[in-house]
Amino acid sequence: MSETSLDENTDQLTAATLGPGLFRRVFTALSDLVMPPVCLVCRTPIGSHDALCAGCWREIDFIRPPLCDRLGIPLPFDAGEGAVSAAAVADPPSYDRARAVAAHTGSMRTLVHALKFHDRHDVRRLLGKWLVEAGRELVLDADVVVPVPLARRRLVMRRFNQAAILAREVGQLAGICYEPLTLERTRATASQVGLSRGARQRNVAGAFAVPPRREARIRGRNILLIDDVITTGSTVGACARALRRAGATRVDVLALALVTDRAVIPS
């Protein structure tokens with residue numbers, strides 16, 4: 001091979017290798033000029049998109065092991081793999097395992113409200129990544145990802161279901177089948193805000209079902225149920241019971257935020 005041919009082949013290989021990468025870098029630089037990256041919480045300018053500034057990051061109380069294997073609540077000490085809290089022993093949930101990214105405080109509460117009430121769909125990419133990371137063990141076991149359904153009246157008013165947005169992100173990132181219509185609400189329920197644990201359970205009892213035409217999609221499969229916030233577990237518990245009645249083998253729950261007290265093991 002001549003030196004000229006070798007140089008031409010090298011140039012072609014370099015162009016083929018660097019061309020797409022160079023185009024992406026140029027496109028990103030131009031996009032940043034038009035829409036500079038800002039913190040998703042406080043809108044302070046930062047170095048990259050889909051991220052938080054250092055101050056807002058510090059406000060997130062990420063939930064890390066040791067955890068109750070059933071409820072996903074933090075434990076005050078490491079009792080070994082598969083440890084279960086007193087709360088889970090006293091009142092076992094109808095789902096198998098629950099995990100959440102962080103406590104429902106600070107910046108996480110702001111991000112949840114931004115998505116849920118202010119149409120801030122730009123937060124979904126970061127939240128989706130956090131969900132996959134926090135629920136890694138659940139994601140690996142899942143066959144189908146299903147969102148907690150929104151009441152029709154609220155869906156009309158809000159125009160979207162935040163749990164469905166999060167479930168779609170998880171499904172795409174993890175390569176899991178996304179089934180947004182697997183669960184439906186069979187009746188309207190009052191807002192859960194301000195209700196006691198018992199009142200919440202009564203409010204959502206029998207409020208969810210799997211349409212007969214969709215039972216074949218989940219029968220014998222492991223379901224990953226997605227919601228934005230777990231408060232007492234009443235809503236996801238009612239959903240899990242409906243999924244089990246329809247033949248699901250396993251139901252795990254993954255949420256952005258968890259209302260919990262880190263100081264003690266609930267009893």
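Model, not experiment: these values are computed from the prediction.
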Could you tell me which residues satisfy side-chain hydrogen bond (donor to acceptor under 3.5 Å, both in side chains) with [X], sequence neighbours excluded, listed by chain and number?
{"X": "Arg245", "answer": "none"}
{"X": "Arg244", "answer": "Asp96"}
{"X": "Arg168", "answer": "none"}
{"X": "Arg221", "answer": "none"}

Are the side chains of [X] and [Y] in touch, meaning some heavy atoms are under 4.5 Å apart?
{"X": "Leu131", "Y": "Leu256", "result": "yes"}
{"X": "Val148", "Y": "Val253", "result": "no"}
{"X": "Ile165", "Y": "His121", "result": "yes"}
{"X": "Cys39", "Y": "Cys56", "result": "yes"}
{"X": "Thr44", "Y": "Val38", "result": "no"}
{"X": "Ile226", "Y": "Val145", "result": "yes"}
{"X": "Val139", "Y": "Leu224", "result": "yes"}
{"X": "Thr235", "Y": "Phe208", "result": "yes"}

Could you give the distance from [atom1] ([X]) to [atom2] ([Y]), rounded to the nearest 0.5 Å?
{"X": "Ile223", "Y": "Leu138", "atom1": "CD1", "atom2": "CG", "result": "12.5 Å"}
{"X": "His49", "Y": "Leu40", "atom1": "NE2", "atom2": "CG", "result": "10.0 Å"}
{"X": "Asp119", "Y": "Phe160", "atom1": "CG", "atom2": "CZ", "result": "4.5 Å"}
{"X": "Arg250", "Y": "Ile218", "atom1": "CZ", "atom2": "CD1", "result": "15.5 Å"}

*Output every pair passing side chain to side chain donor-acceptor pair (under 3.5 Å) with a member in residues 100-113, not counting sequence neighbours, ordered by first then second residue.*
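Qualifying pairs: Glu59-Ser107.
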_Taking side chain to side chain donor-acceptor pair (under 3.5 Å) as the cut-off, I'd like each qualifying pair that reaches into residues 126-138, sequence neighbours left out, listed once._
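Of all non-adjacent pairs touching residues 126-138, those that pass side chain to side chain donor-acceptor pair (under 3.5 Å) are Arg99-Glu137.
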*Which is it for Val229 and Leu258 under the side chain to side chain contact (heavy atoms under 4.5 Å, CB included) test, yes or no, and what are the steps along the way?*
CA-CA 6 Å; Val229 181; Leu258 180 66; over 6 Å; no
*Evaluate side chain to side chain contact (heavy atoms under 4.5 Å, CB included) for Asp228 paired with Leu127, printing each intermediate quantity in order.*
CA-CA 10 Å; Asp228 54 352; Leu127 299 181; over 6 Å; no
Partners passing side chain to side chain contact (heavy atoms under 4.5 Å, CB included) against [X] (at least two apart in sequence or in another chain):
{"X": "Thr249", "answer": "Asn222"}
{"X": "Ala83", "answer": "Leu75, Ala79"}
{"X": "Asp50", "answer": "Arg125"}
{"X": "Ala134", "answer": "Val101"}

Might you point out which heavy atoms bring [X] and [Y] nearest each other, and give the distance in Å?
{"X": "Leu71", "Y": "Ser85", "result": "CD1-OG, 3.7 Å"}
{"X": "Pro149", "Y": "Cys239", "result": "CD-SG, 4.3 Å"}
{"X": "Met108", "Y": "Ala102", "result": "CE-CB, 4.0 Å"}
{"X": "Asp227", "Y": "Leu166", "result": "O-CD1, 4.3 Å"}
{"X": "Arg241", "Y": "Ser94", "result": "NH1-OG, 3.4 Å"}
{"X": "Arg70", "Y": "Pro93", "result": "NH2-O, 3.0 Å"}

*asked:* Applying side chain to side chain contact (heavy atoms under 4.5 Å, CB included) to Val210 and Leu183, what does each step give before you reach the verdict?
replied: CA-CA 5 Å; Val210 176; Leu183 269 175; 4.0 Å; yes
_Asp69 and Arg97 ion-paired at < 4.0 Å_ =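 Salt bridge flag = no for Arg97 with Asp69.
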_salt_bridge(Arg124, Asp122) N-O dist < 4.0 Å_ =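 Salt bridge absent between Arg124 and Asp122.
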*Test side chain to side chain contact (heavy atoms under 4.5 Å, CB included) on Leu52 and Leu126 and set out the steps.*
CA-CA 9 Å; Leu52 306 184; Leu126 176 63; 4.1 Å; yes
Name each donor-acceptor pair under 3.5 Å that joins a side chain in residues 170-180 to protein atoms two or more places apart or in another chain, with its distance.
from	atom 1	to	atom 2	distance (Å)
Tyr178	OH	Ala164	O	3.3
Glu179	OE2	Arg217	NH1	3.0

*How would you list, by chain and number, every residue that makes a salt bridge (charged side-chain N to carboxylate O under 4.0 Å, His left out) with Arg213, sequence neighbours excluded?*
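Arg213 satisfies salt bridge (charged side-chain N to carboxylate O under 4.0 Å, His left out) with no residue once adjacent residues are dropped.
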*Going hydrophobic residue to hydrophobic residue with side-chain gaps under 4.5 angstrom, can you get from Leu111 over to Phe62?*
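They do share one cluster, since a chain of ILVMFWY contacts under 4.5 Å joins Leu111 to Phe62.
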*Out of curiosity, does Trp57 fall in the hydrophobic cluster containing Ile46 (side-chain heavy atoms, cut-off under 4.5 Å, transitive links)?*
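Different clusters.
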